[in-house]
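Have a look at the structure below before the remarks.
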Amino acid sequence: MGASSLPEKLLKPYDPKQTESEIYKAWEKSGFFNPDKCVEVGVVNKDADTFSMVLPPPNVTGTLHLGHAFESALQDAIVRYARMNGKKTLWVPGTDHAAIATQEKVEKVLYKTEGKTRHDFGRNEFLDRVNKFAEQSHNTIVNQIYKLGASLDWSREAFTLDDKRTLAVRTAFLKMYDAGLIYQGERIVNWDPKLQTTVSDDEIDWIDETTNLYYLKYGPFIIATARPETKFGDKYVVMHPEDKRYSQYKHRDNITLEWINGPIIATVIKDSVIDMEFGTGVMTVTPWHDATDFDIAERHNLKKEQIIDLSGKLLPNAGEFAGLHIKKARPLIVERMQQKGLVEKIDNGYLHRIATNSRGGGSIEPQILKQWFVDVNKEFAIKKSQIKGIDSGAITSLKQIMRLSVTNGQVKIIPERFEKVYFHWIDNLRDWCISRQLWYGHQIPVWYKGDRVYVGIEPPAVSWQDDGWIQDSDTLDTWFSSALWTFSTLGWPEFANSAKKGELGPENDLANFHPTTIIDPGYEILFFWVARMVLMSGFLLGEVPFKTAYIHGILRDSKGRKFSKSLDNGVDPLEMIDRYGADALRMSLIIGVGPGNDSAFSEQKVKAYKLFANKLWNITRFILTNIETAEYDENFSDWTKVDTTIRGERDNMLKDITDDMNNYRLYMATEKLYQYVWRTFADKVIEESKEIFKDNNKAGASRRHLLVETLKKMTAALHPFMPFITEEIWSMLPIKNRKMLIVERWPE
RNA sequence: GCGCGAUUAGCUCAGUUGGUUAGAGCGCGUCUUUGACGUAGACGAGGCCAGAGGUUCGAAUCCUCUAUCGCGCACCA
């Protein structure tokens, strides 16, 4: 076979643009992304092992960034490897409504373009706008995922806010409510006055701030505070029971003293939470606006008084300062206290932390509000459990489920160091505030009518509105729906009892594909998502959501900074694909980046793997121009001694990377493949061949077979990482009964 | 405060359970090459593997401490 009969495109340098979109279409048309289809057409055995994974659903807040490309490159490689091992392989796509992030984004856009707030539109019209935006984002995102070559089963695509997921969310809510694990309570929560909603503890960013520490005379005591404006209502003074300086004061003693707006009666409380070393060892409590103080108040059953309203303004109990915003009020109040001689001294340069809403909101003002919570400590009897250490019917708690699922080895976290982080988080975990005062999201499935409260999947009556029922106006934390993702995408609750293992079709997914094999999120959502999935899956299904959590790091810019809008350092994955090809981008993101490690994006690196793709292309050209296709015999056995050695070394290398793949060391497998293909196969084996081919003898035949065989194996082994070019090359190689490479077997 | 990482060539980073002269990409130097590929090839320069101590026949790898940077958690008002 001469060069003239080679595929025309092979005569030119590799051009990803000519190849990639065509190949993706061919994959989609083949149906091989769908495990049922693979069985139907006979490329996968019906009783084969299964592999399943859900895509961490990207937020519909705009477009994907390089971090998503990194994530999907890793996942697609894992998925393709599983598929090439003959498994029934399912990778479920979807997107996340990302309640607070999306609402915030749309509100900003609307205010900028139309000068209107969400209240100007009203709930329904505003939600129409958000939905429209979300749909556009979704389409952009899906297109981006196509371009990356991700082999997702689009027939199973899900959205965290669609009908099926709504059913799952409401079912989960009801079951947890019935078990007493969801309760409504007046508790101290993180209130964002700017976005007018609560946020969970995990959504808070703490920012260091240098401020003044005011030492105030509180009767016979000196108290230290950074926030004098909250102190109007403080009627309790707290000290350590063993603090000898204050031993003359007894628990519950009443003391009359002069305070900001006149005389008050203060009550002494002794509590060992007080740090005797800090300040004067005495503090007053503001239970309504401070979490620590709230806990003290709860312990001693103290009265709680609201000082600041939900917009951050002082209430009437602040006397003449009522109506002032706390920021403006502080200096005035300090001035007043100085006039009254209540200020002992002021330390400047006091470092303390301010809570801010990490979702783009403002400073958090703790408030006591009636909210919905998930009780993580409450004991309950679990109906059925396959979690080792918790028997069906046993008494357990959500915390215990989360902890045991990992300690018993059913969930393995990679890298292992994140297990410590995970346990540490569980140990400090408080009840999870799940209600948000947002409009976009799952509205809480609770209806009120007078004193009556109805919790259900459907409203209390068809004509509930006419009957005077009112639905809770809050929505759920977006992570509530994300936490159900591994099974809400696999037919829960609809097919919870009917799914049959071994039978095809989405209605049986729950039996076939759950627990999922692996999940691959970044470490920044270890608590938000990974831990909550373990919680929900444990409670609702009595099993773990995934067997392995492969945690990846954050992709940063070339200077090691996070990609962020304010720095405007974002890179569009499509631009990189356009310039270098998806294969090159994927390879550059995977190679050499260990689990959990951050990495700096380098365009140079992408370029390097574009060169690699071209190298592979040229290797193919060389080999195809030097063999007669008709001559190639898949059962050739007359190897020369040298070639036998080369084959042996090659296959050892493949065994080695197979081991890497089985242990999710993709960063090493790719490195080894790259080295072998270029430094050994091209530079040594092929170079030597040129001499051998000068004599067309037995050695030449052996060598020709070696080259084709090795190229086949390398092409197949590179397929999980560089799916497009390898699929293209595969179609040109002399192969009997050729299937698409995506469903060929991993080389051994 | 508690915890977790990182520190390896000019730059960005690998080095999986400790095992012969420590690797890659990019960059740099010299040369080669026009029948696979200049998007190439050959050769090379460049590293007391943060520092100190310890375990070991043997340490970049394990232990202890120190320094610097980064991150997570935390009810010091």
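What you are looking at is a predicted structure, and each value in this text was computed from that prediction instead of being measured. The sequence lines fix the lettering, A, B, ..., with proteins before strands; numbering per chain opens at 1. Computed from heavy atoms alone, side chains included, the values below leave out hydrogens, waters and symmetry copies.
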Quote, to the nearest angstrom, the C1' distance that separates B:G25 from B:A14. 10 Å
OP1 or OP2 of B:C73 under 4.0 Å from side-chain N/O of A:Tyr422: no
Work out how far the P atom of B:A24 is from that of B:G41, and round it to whole angstrom. 14 Å
If you measure from the P atom in B:U34 to the same atom in B:U20, how many Å do you get, rounded? 41 Å
Relative to the ring of A:Tyr674, is the ring of A:Phe612 parallel (under 30°), tilted (30 to 60°) or perpendicular (over 60°)? tilted
Given the P atoms of B:U61 and B:A22, what is the spacing between them in whole Å? 14 Å
For atom NZ of A:Lys412, decide whether the heavy atoms of other residues, nucleotides or ligands shown that lie under 6.0 angstrom number more than 12. no
Taking donor-acceptor contacts at under 3.5 Å, does the side chain of A:Glu687 reach the base of B:A36? yes
Is there a side-chain polar atom (N or O) of A:Trp678 under 4.0 Å from OP1 or OP2 of B:G25? no
Should A:Arg353 be listed as having a side-chain N or O under 4.0 Å from OP1 or OP2 of B:C75? no
Using a heavy-atom cut-off of 4.0 Å across all strands, would you classify A:Asn428 as base, sugar-phosphate, or nothing? sugar-phosphate
If you look at every strand shown and take non-hydrogen atoms under 4.0 Å, does A:Tyr214 touch a base, only sugar-phosphate, or nothing? nothing
Taking all atoms of both residues into account, what is the closest heavy-atom pair of A:Thr286 and A:Asp293, and its distance? N-OD2, 2.7 Å
Length of the line joining A:Leu429:CG and B:C75:C1', which is rounded to integer Å: 15 Å
Aromatic ring pairing A:Tyr523/A:Phe418, orientation class (parallel under 30°, perpendicular over 60°, tilted between): parallel
Rounded distance (Å) that lies between atom P of B:C43 and atom CZ of A:Arg679: 10 Å
So for A:Lys690 and B:A36, does any side-chain atom that can act as donor or acceptor lie under 3.5 Å from a complementary atom in the base? yes
Which residue lies toward the 5' end of RNA chain B, A:Tyr674 or A:Arg417, if each is placed at its nearest nucleotide? A:Arg417
Quantified in whole Å, what is the C1' atom distance between nucleotide B:G1 and nucleotide B:C62? 29 Å
Please determine if a side-chain N or O atom of A:Asn597 lies less than 4.0 Å away from the OP1 or OP2 oxygen of B:A14. yes
Contact class for A:Ile591 (heavy atom, under 4.0 Å): base, sugar-phosphate, or nothing? nothing
Rounded to whole angstrom, note down the C1' distance from B:U56 over to B:C63. 12 Å
Inter-nucleotide C1' distance (B:C28, B:A9), Å rounded: 12 Å
Quickly work out the A:Ile204 CD1 to B:C73 C1' distance and round it to whole Å. 13 Å
Between A:Ile274 and A:Lys610, name the one whose nearest nucleotide on RNA chain B is closer to the 5' end. A:Lys610
A:His352, nearest nucleotide to its side chain (from B:A77, B:C4, B:A36): B:A77
Does any donor atom in the side chain of A:Asp202 or A:Trp425 lie under 3.5 Å from an acceptor atom in the other side chain? yes
Could you go through A:Ile627 and A:Leu707, starting from their C-alpha distance and side-chain angles, then the distance that decides it, and tell me whether this counts as side-chain contact (heavy atoms from CB on, under 4.5 Å)? CA-CA 9 Å; A:Ile627 61 154; A:Leu707 294 188; 5.8 Å; no
What is the distance from CD1 of A:Ile551 to C1' of B:C4, rounded to the nearest Å? 14 Å
Given B:C73, B:A77, B:A36, identify the nucleotide with an atom nearest to the side chain of A:Ala682. B:A36
Cation-pi between A:Arg650 and A:Tyr676: NZ/CZ under 6.0 Å from ring centre and within 45° of the ring axis? no
Of the candidate nucleotides B:A77, B:A36, B:U39, which contains the atom at the shortest distance from the side chain of A:Asn618? B:A36
Measure from CG on A:Leu611 to P on B:G41 and round the result to the nearest Å. 10 Å
Using a heavy-atom cut-off of 4.0 Å across all strands, would you classify A:Tyr667 as base, sugar-phosphate, or nothing? sugar-phosphate
Same-atom distance (P) from B:A52 to B:U8, integer angstrom: 15 Å
Can you see which heavy atom on A:Arg586 is nearest to which on A:Phe721, and at what distance? NE-O, 3.1 Å
Rounded to the Å, how far apart are A:Glu671 CD and B:U16 P? 12 Å
Would you mind telling me which of A:Asp192, A:Asn190, A:Thr198 makes a side-chain hydrogen bond (donor to acceptor under 3.5 Å, both in side chains) with A:Asn357? A:Asp192
Specify the separation, in whole Å, of atom CZ of A:Phe528 and atom P of B:C73. 8 Å
Measure from CG on A:Asn663 to P on B:G15 and round the result to the nearest Å. 14 Å
Given Watson-Crick and G-U pairs under 3.5 Å, RNA chain B in dot-bracket ([ ] crossing, | other strand) is (((((((..((((.....[...)))).(((((.......))))).....(((((..]....))))))))))))....
If you check every side-chain atom of A:Arg621, which of B:A77, B:C37, B:U39 has the closest atom? B:C37
For the pair A:His705 and A:Tyr632, name the ring-plane relationship: parallel under 30°, tilted 30 to 60°, perpendicular over 60°. parallel
Mind checking if A:Gly553 touches a base, just sugar-phosphate, or nothing, with heavy atoms under 4.0 Å? nothing
Residue A:Met668, side-chain heavy atoms: nucleotide from B:U16, B:A36, B:C73 that is nearest: B:U16
Parallel, tilted or perpendicular: rings of A:Tyr664 and A:Tyr550 (30°, 60°): perpendicular
Under 4.0 Å between any heavy atoms, over every strand shown, what does A:Ala291 touch: base, sugar-phosphate, or nothing? Just pick one. nothing
Any side-chain N or O of A:Arg665 less than 4.0 Å from the OP1 or OP2 oxygen of B:G15? no
Name the closest nucleotide to the A:Gln675 side chain, picking from B:A40, B:A24, B:C26. B:A24
Regarding B:C26, can its base be found pairing with the side chain of A:Lys605 as donor and acceptor, where the two atoms are less than 3.5 Å apart? no
Base, sugar-phosphate, or nothing: which does A:Asp683 touch, judged by heavy atoms less than 4.0 Å apart? sugar-phosphate
